[in-house]
Structure formats: C-alpha cells, structure tokens
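Everything below concerns the one structure shown next.
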Amino acid sequence: MAPVLTHATSFSAEQLKSLHQPVPGGVAVLDITGTGQGQTPAPTARYLNKPVLVARTDTGRWFAIVGIPLSAPIEKQELEVSRGGKKSIEIFLIRDKKYREQRITLKTNKHVDLSPEDLARYEREKKLQDDAYQQFSAQSPSNILLDRPVKGPLSSPFGLKRFFNDQPRAPHSGLDFAVPTGTPVQSPAAGRVILVGDYFFNGKTVFVDHGQGMISMFCHLSTIDVKSGQQLARGQILGKVGATGRVTGAHLHWNVSLNDARVDPAIFIGMFTS
C-alpha cells in the first residue's frame with residue numbers, strides 16, 4: 001500500500017523548474033496540476049512503475065520531480081498521473097548528454113577482480129543498498145534545492161564512464177568532493193537515516209531519506225556519527241570524510257536518488273553543466 005503523502009512544505013515554481021534537466025541521469029519537472037481539481041487530494045505520479053516525488057508550489061500548483069536513469073533511451077517517456085481517482089499519461093522528452101571517460105589506477109586488483117568471498121559480500125551489501133534506494137516515505141522534502149554536504153572543490157563529476165585498471169565498470173553515480181580526511185559532512189536537507197554500514201566498495205556509508213523517494217548516500221567516510229532511524233535536521237553533521245572502500249585517496253562521494261534512479265546531484269546545487 002502506498003504511503004499517504006504529506007505536503008507541509010511548498011516551493012516556488014521557479015525553484016522546481018530550475019531542476020528541469022531531462023537527460024539520462026537528470027531530472028524532468030512536469031506540471032501535473034490538471035484542470036478543475038479544486039480541493040481534491042494531491043495528484044500522484046509513477047514513472048517506470050515507481051512512485052515519483054510530487055511537490056506543491058506556493059501558488060497551489062503541483063509538479064512531478066522525475067528522476068531519469070542513466071540507462072534511459074533518448075526518446076519519449078511516459079509519466080502516469082492519478083488525479084481524483086482518474087489516471088492520465090503525461091509525455092516528456094529526454095535529450096541526449098555525452099559523458100566523458102575516467103580511468104582510475106588502483107594499487108591492487110582486489111576491488112576489480114573479486115574473489116568468490118568478496119563477490120558474495122558485495123551481493124549481500126548491494127541488496128541492502130538497493131532496498132534503501134527503493135524506500136518511499138510520505139513526507140515532502142524540507143528543501144528541494146540542496147545544500148552542499150561539504151565545503152570544497154568537486155573532483156569527479158556525475159556520469160563518468162569509468163575504467164578501473166583498464167577494466168570497464170558502472171558509470172560514476174554521484175559527485176566527488178576533493179576534501180581531506182576528517183572534513184565534517186552535513187545533511188543537505190532534513191531527513192531520516194535509513195541505512196549505515198561499512199561496505200566493500202563504498203566503505204563507511206550513510207543513507208538519508210529526505211522524503212518521497214529523494215535519497216542521499218554518502219560514502220568513503222572515516223567516521224559515522226549517526227544511527228539508523230535517527231532524524232536529521234538540515235545541516236546536521238552525519239560523519240566525516242575518509243578514504244574507506246574502493247578509493248585512491250580521501251574524498252566524499254555523494255549520490256542523490258529520485259524514484260530509485262541515481263541522478264546528478266549538481267542539478268540540486270546549481271552546478272549542472274549540459
């Protein structure tokens with residue numbers, strides 16, 4: 001059963017529209033207010049059979065904030081919208097975006113050619129993290145334009161086609177910040193900690209649910225300062241930067257997920273480049 005959504009927070013239409021970057025790994029923002037709705041319940045939306053974040057503006061309009069997977073084809077997409085018990089389909093287009101390559105040299109192949117034991121560990125951990133990404137809570141996010149989790153320069157952008165020791169691996173699913181070990185990491189919006197762990201690839205990791213399928217993940221931490229189930233205020237420190245897991249040096253890796261699609265966090269901090 002889907003959660004009953006709560007929308008205590010409202011945003012300006014300009015804030016929401018600023019997120020509209022409909023590329024693979026991007027975000028599509030669609031006005032789904034409809035006509036003749038009056039005081040009917042808030043509309044809901046689904047994309048690729050997954051619930052989508054729906055936000056209300058300060059003028060009473062409703063927008064769907066749709067995460068687009070990196071694997072999405074460059075073609076028309078369908079958003080299923082429910083308003084007052086009636087369903088309709090909204091069409092939006094995805095435009096192309098080219099992502100560059102990144103080649104990383106690791107000291108050993110431990111994190112490239114996995115042993116049977118490490119592979120089994122990775123598969124167990126992947127299931128836990130996949131489950132976290134798929135959570136969809138009722139509360140609207142406290143803020144739709146996010147704060148940077150650390151103060152420091154970006155090092156690796158989202159979407160890089162990565163090669164580790166010349167072997168192709170999954171594209172880079174977040175932003176890397178080049179900051180030293182011990183740098184405090186703050187939550188970019190209010191939320192609830194839904195998973196903490198020390199994982200084979202990600203090292204020490206924290207997942208935060210900001211509401212309605214907006215999930216942040218922070219990894220390679222040196223320390224974790226929160227517990228699963230803990231409520232966080234916007235700006236609250238959740239851990240410190242480190243070099244745990246598959247890394248070549250200290251940095252913060254930050255993911256943002258919408259409707260279980262990893263999207264470019266740069267969109268939410270005003271640093272997206274087309």
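Since the structure is predicted, the reported quantities are computational estimates derived from the model, not experimental observations.
Closest approach of P24 to A72, counting heavy atoms only: CG-O, 3.8 Å. When all heavy atoms of A28 and P22 are compared, the closest pair comes out as CB-CB, 4.3 Å. The shortest heavy-atom contact between H210 and P188 is NE2-CG, 4.0 Å. When all heavy atoms of I32 and A45 are compared, the pair lying nearest together is CD1-CB, 4.4 Å. Closest of all the heavy-atom pairs between I94 and P73 is CD1-O, 3.7 Å. Here the shortest heavy-atom pairing between L252 and P149 reads CD2-CG, 3.8 Å.
Without hydrogens or angle criteria, S187 side chain to R234 main chain gives no donor-acceptor distance under 3.5 Å. A donor-acceptor pair under 3.5 Å links the side-chain atoms of T244 to the main chain of K204, judged by distance alone. With hydrogens and angles ignored, the 3.5 Å screen pairs a side-chain donor or acceptor of S155 with a backbone N or O of D176. For the pair N259 (side chain) and G67 (backbone), a donor-acceptor distance under 3.5 Å is present. Looking at Q77, its side chain never comes within 3.5 Å of a backbone N or O of E90 through a donor-acceptor pair.
Within the model, atoms CD of E80 and OG of S88 stand 8.5 Å from one another, a figure rounded to the nearest 0.5 Å. Here I89 contributes atom CD1 and L79 contributes atom CG; the two are 7.5 Å apart, rounded to the nearest 0.5 Å. With rounding to the nearest 0.5 angstrom, the CG atom of D198 is 9.5 Å from the CG atom of L221. Separation of atoms CG (L145) and CD1 (I267) is listed at 12.0 Å; rounding is to 0.5 Å. Summarising the geometry, atom CG belonging to L53 is positioned 13.0 Å from atom CZ belonging to F63; distances are rounded to the nearest 0.5 Å. Expressed to the nearest 0.5 Å, how far CD1 of I215 lies from CZ of R192 amounts to 9.0 Å.
Within the 4.5 Å cutoff, no side-chain heavy atoms of R46 are placed close to those of S82. Looking at heavy atoms from C-beta onward, L238 lies out of side-chain contact with Q236 at the 4.5 angstrom threshold. Two residues are said to be in side-chain contact when any heavy atoms from C-beta on lie closer than 4.5 Å; K98 and D96 meet this criterion. Side-chain atoms of V23 and I68, non-hydrogen and from C-beta on, never get closer than 4.5 Å to each other. Considering only heavy atoms from C-beta on, I144 comes within 4.5 Å of L16 through its side chain. Counting heavy atoms from C-beta outward, F136 and K50 have side chains that stay 4.5 Å or more apart. For the pair S216 and V206, the minimum side-chain heavy-atom distance is 4.5 Å or more. Looking at heavy atoms from C-beta onward, I65 lies in side-chain contact with V29 at the 4.5 angstrom threshold.
When only modelled atom types and interatomic distance are considered, Q129 and N202 share a side-chain donor-acceptor pair under 3.5 Å. Inspection of the Q21 and R95 side chains reveals an N or O donor paired with an N or O acceptor under 3.5 Å.
Under a hydrophobic-cluster definition in which Ile, Leu, Val, Met, Phe, Trp and Tyr are linked whenever side-chain heavy atoms come within less than 4.5 Å, directly or via other members, L30 and W62 are assigned to the same cluster. Residues V193 and I237 are members of separate hydrophobic clusters, defined by side-chain heavy-atom contacts under 4.5 angstrom among Ile, Leu, Val, Met, Phe, Trp and Tyr. Taking hydrophobic clusters as Ile, Leu, Val, Met, Phe, Trp and Tyr residues chained together by side-chain heavy-atom distances below 4.5 Å, L146 shares a cluster with L175. Tracing side-chain contacts under 4.5 Å through hydrophobic residues (I, L, V, M, F, W, Y), one reaches F177 starting from F268; they form part of the same cluster. In the hydrophobic cluster analysis, where Ile, Leu, Val, Met, Phe, Trp and Tyr join through side-chain heavy atoms closer than 4.5 angstrom, I224 is grouped apart from L128.
Checked against F207 for a side chain to side chain contact (heavy atoms under 4.5 Å, CB included), the options I194, N255, V196 give a single hit: I194. Shown are Q212, R56, M214; of these, the side chain to side chain contact (heavy atoms under 4.5 Å, CB included) with S140 is made only by Q212.
Using a 4.0 Å cut-off between a side-chain N of Lys or Arg and a carboxylate O of Asp or Glu, E78 and K87 do not qualify as a salt bridge. The existence of a salt bridge linking D260 and R262 is confirmed by a sub-4.0 Å separation between a basic side-chain nitrogen and an acidic carboxylate oxygen.
Both cation-pi conditions hold for K97 and F272: the charged atom is under 6.0 angstrom from the six-membered ring centre and inside a 45 degree cone around its axis.
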Steps toward side chain to side chain contact (heavy atoms under 4.5 Å, CB included) verdict (V179, K151): CA-CA 8 Å; V179 289; K151 295 180 180 179; over 6 Å; no
Evaluation steps, side chain to side chain contact (heavy atoms under 4.5 Å, CB included), between T205 and M217: CA-CA 7 Å; T205 301; M217 186 270 281; 3.7 Å; yes
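Ring pair W254/F218 is parallel by interplanar angle, where below 30° counts as parallel and above 60° as perpendicular. The aromatic rings of H220 and H251 are tilted relative to each other, their planes meeting at an angle between 30° and 60°.
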